[in-house]
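Report on the structure given below.
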Amino acid sequence: MPDVLLRGGCVVDANGDRLADVLVRGSEVSAVGKGLLAPQGALVLDVDGCTVSPGLVDLHAHLREPGAEESECVETGTRAAALGGYTAVVVMPNTDPPIDSASMVREMHELRSKSLVEMAVAGAITVGRRGEALAPIGEMASLGVTIFTDDGAGVQDGGLLRAAMEYATGIGVTIAEHCEDASLAAGGAMHEGGWSSVLGLPGAPAVAEEVMVARDLALARVAGARLHLMHLSTAGSIDLVRRARADGVQATAEVSPHHLSLTDEALVSYDTNLKMSPPLRSGGDVDALRAGLVDGVVDAIATDHAPHPAESKEVPFIDAANGVLGLETALALALTMLAGTGAGRRAGRPPGRRSGAGAPACDGPPSSADRLTTYRGAAPASRALSIREVLAVMSWNPARIASLGNTQGGPIVPGAPANICVFDASSSWVVDPARFASRSRNTPFGGWDLTGKVVHTICAGEPVVLYGEAQR
Amino acid sequence: MVPAARGGSSPAAMRHLLSVNDLGSEGLKEMMRIADFFVEISTRPIPKVPALRGKTVACAFFEGSTRTRLSFEAAAKRLSADIMSFGASGSSMSKGESLKDTVTTIESLGADVIVVRHASAGVASQVASWVSIPVVNAGDGWHEHPTQALLDCYTIRQALGAESFQGLKVVMVGDLMHSRVARSNVLALSAMGARVNLVAPRTLWPVSLDGWPVEGITCDLDPLLEKADLVYLLRLQTERGAGRLLPSLREYAAMYQLTARRAAMMPKDSLIMHPGPVNRGVEMSSEVAEMPGALVGSQVANGVVVRMAVLYQLLVGGEGVGVLDPTAPDVAPAPAALRSAGVHHGAPGPSDTSSDSTPSTRSTPRTPSTRRSAGA
Ligand SMILES: [Zn+2]
């Protein structure tokens, strides 16, 4: 591995922002400062105008291996991650078979040889993710698993979840929940509200999420547990977390890039790439998620990268698989939608128009045909995030939640592990799903003009992405 | 009112019929005038015109519906189109084959228009995004059923003998939440000038009245009856009575069935409609179903002519002169009805200008009134 000199960039980490060169030798940062000299044979990268930051950390990726390799595998998923600026991903246990035993954790650890980035494994809370009996949390924890979740669904049985929290607290690991009360969300294909009423689709109401957030926060208080709430999507959820945290509950929260960028109005197209769980919510909910990032109630942006093959999406909306790709667009979406580097301008024809809108709109429902579906508003109390604030929720905060702080998210100082992301925050590009490294194409952001482009990604000293191209 | 070539500015220069909103009030009226012409054709000894000769109408009914499918097929036959019929059962559409593959195959087999029926909302729109031929929504889940609304409007127009429904007081009763017929009819009736009120038990209300251009919604039927010019009863899927949303069918019938007692509260000459088939003893009593003002059966014949109008408009539209040309073989000279329908050479009709130039000004309520906030 050659030494790498990043010359002329702006280093942004938890310590602040400064213009400095960064020299990487082996797997570590060896020097940070102005006018560093390139050692013989070093790869010198001119990163003038770019941001040099700790690598991004994704708390929530579905890499589909084992069991659904036609959608994604560790190799393609982590290549997508590296291209998105990530140097670590936490993979979800809803594989087939699920990661609910020590042997499955070992199997996943063997797949690390195929990974381009650091791969941490989340374990299931219950056997088979069936919500009936506790999985061997202790055995999995002894292999290094620090986060447990039945993601894809929440643990419906409150008594069982309480036991899981108490058990996890005893061994110092975190319980993470996909909050959705199955009986309230039953059959829901989109957010329940005005648009579901117009579109005739069964709705999953906001309260389906909120009752479980409320229950889980109350249980975490009783159990003294560390609780991580995944992909929160409603204003009510954010409010509950805000109040519980003020009350001393050890809860952290993540939101997804798509929930920060789109509202349920986009569903007028019946584009199944907009189907996910939790669903896209209302404008008021988006405002609340953004406000949560501003005031710190929301700790992280996590992709919920959920690849699906075309045949799972080219079906009736109600039958379509839930999920959207995230790793290759997350940073650009966050910078575009939150840091005010652009307004999510769209290249070409916007999606989200009612098909066949050749007919002029007439009276009747919201002339949906004429409305863009990008969410552009911002809460009055909200403000644009700085680049460092975006990095906090995409790098060092998630690294801390996933207990990856030893290798990920730390300040770029001599001796630190060299997990580094270099991006140009002002470079704009048009999302072309055909060029994704992911094995799947299920993104609603195709054709979007985003600002913020990953240039280089260095993982444990290895330049896995150079000039926007994966190196392996 | 002049049918223009596709992409033109006439409301009926539509590319697909996915929603009543693709028609608007202008389009609804124009479609009904075209249907008038086809009524005349239906009375001929050979009720057939070569309008769609050489064209293929594909009926892709992924959800069983004999009545609607037969109606579309009859419409296509009378226009001399070839028919390609596709049902979900007995087809290759098993698990694994994507809907997209299925419909693109239908297109590549030479269909010129696809009539789509599916149990899932939005399928007609999805199909329209995948194929390059026109798509007709013959019912998609809880979403819309525009040709049902068109035939209901046609039936009301016949009964009233009026081009506009301005001021008509309509009370719609039943399972509003799960009804594509309700959604399409509310849009169509209000576009035609009617004032619509909705009645249902609270659990069957739409989640929100966004996009429902109505005067109001209530749980109490009786007070609305004395001013109702038209009571439209929606079919209740009897499994709704299983206890999740309704305590029982008996309780529903007690509160919402149109009985002779309730019908007597309505003004004389009021109309009663039901899209059929009626669950007698649930939505209406047998007595009421037999009443002269009850328009249940007469809608079948109208279904064929409005569907002829839709297929004709989508496939021939503005260019559609030759097919109805008086010199064409086996066709009688185009009657005045056709000219006034604006089909022939796009000549404006002599007497329909005023009703045409009164676009509905009804707008959509923009503030979501969700179930949570609407108050009971
Ligand atoms: Zn989830």
Side-chain angles (χ1 to χ4, degrees), chain A residues 183 186-207 236 264-265 267-275 282-284 309-320 349 351-369, chain B residues 6-7 9 11-27 62 96-101 118-123 125-126 128-130 134-135 140-144 177 180 183 187 190-191 206-213 359-364 366 368-370 372:
Chain A
S183 70
M190 68 174 289
H191 174 58
E192 180 185 285
W195 285 104
S196 69
S197 182
V198 166
L199 298 174
L201 285 168
V207 285
D264 57 345
E265 185 181 343
L267 275 291
V268 293
S269 63
Y270 293 101
D271 177 358
T272 54
N273 287 326
L274 295 163
K275 186 165 186 245
S282 71
E311 53 267 32
S312 303
K313 288 291 193 178
E314 291 171 351
V315 296
F317 193 90
I318 289 170
D319 303 329
R349 181 177 170 279
R353 283 169 179 264
R354 190 187 271 281
S355 319
C362 53
D363 42 2
S367 143
S368 36
Chain B
R6 255 172 233 157
S9 59
M14 56 179 180
R15 180 142 164 57
H16 305 286
L17 178 56
L18 306 176
S19 159
V20 165
N21 289 320
D22 291 334
L23 291 167
S25 59
E26 294 292 299
F62 300 96
E97 180 172 14
S98 85
L99 179 69
K100 184 180 179 181
D101 290 345
H118 202 289
S120 182
V123 165
S125 304
Q126 289 177 282
S129 71
W130 294 327
V135 176
D140 63 326
W142 307 345
H143 178 227
E144 284 219 43
M177 180 192 246
R180 54 188 167 220
R183 193 170 272 98
L187 293 172
S190 75
V207 164
S208 150
L209 287 183
D210 252 15
W212 291 73
S360 168
T361 53
R362 204 170 285 279
S363 63
T364 305
R366 286 303 306 142
S369 25
T370 64
R372 288 179 294 282

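So you know, we letter chains A, B, ... as the sequences are listed, proteins then strands, and number each from 1. Being a predicted model, the structure only gives us computed values, none of them experimental.
No other option in A:Gly203, A:Pro202, A:Ala310 has as many heavy-atom pairs under 4.5 Å with chain B as A:Pro202.
A:Ile318 and B:Ala121 get closest at one heavy-atom pair: CD1-N, 4.0 Å. Across every non-hydrogen atom of B:Leu99 and A:Val315, the tightest pair is CB-CA, 4.0 Å. Minimum interatomic distance between A:Pro316 and B:Val123 (heavy atoms only, all atoms of both residues): CB-CG2, 3.6 Å. Closest heavy-atom contact between A:Ser197 and B:Ser208: OG-O, 2.7 Å.
Atoms OG and NZ, on B:Ser98 and A:Lys313 in that order, are 13.5 Å from each other to the nearest 0.5 Å. Going from atom OH of A:Tyr270 over to atom CG of B:Asp140 covers 5.5 Å, rounded to the nearest 0.5 Å.
No donor-acceptor distance shorter than 3.5 angstrom exists from the side chain of B:Arg183 to the backbone of A:Leu199, with no hydrogens or angles considered.
Outside the 6.0 Å centre-distance limit, the rings of B:His143 and A:Phe317 are not counted as a close aromatic pair.
Counting heavy atoms from C-beta on, the side chains of B:Gln126 and A:Thr272 come closer than 4.5 Å.
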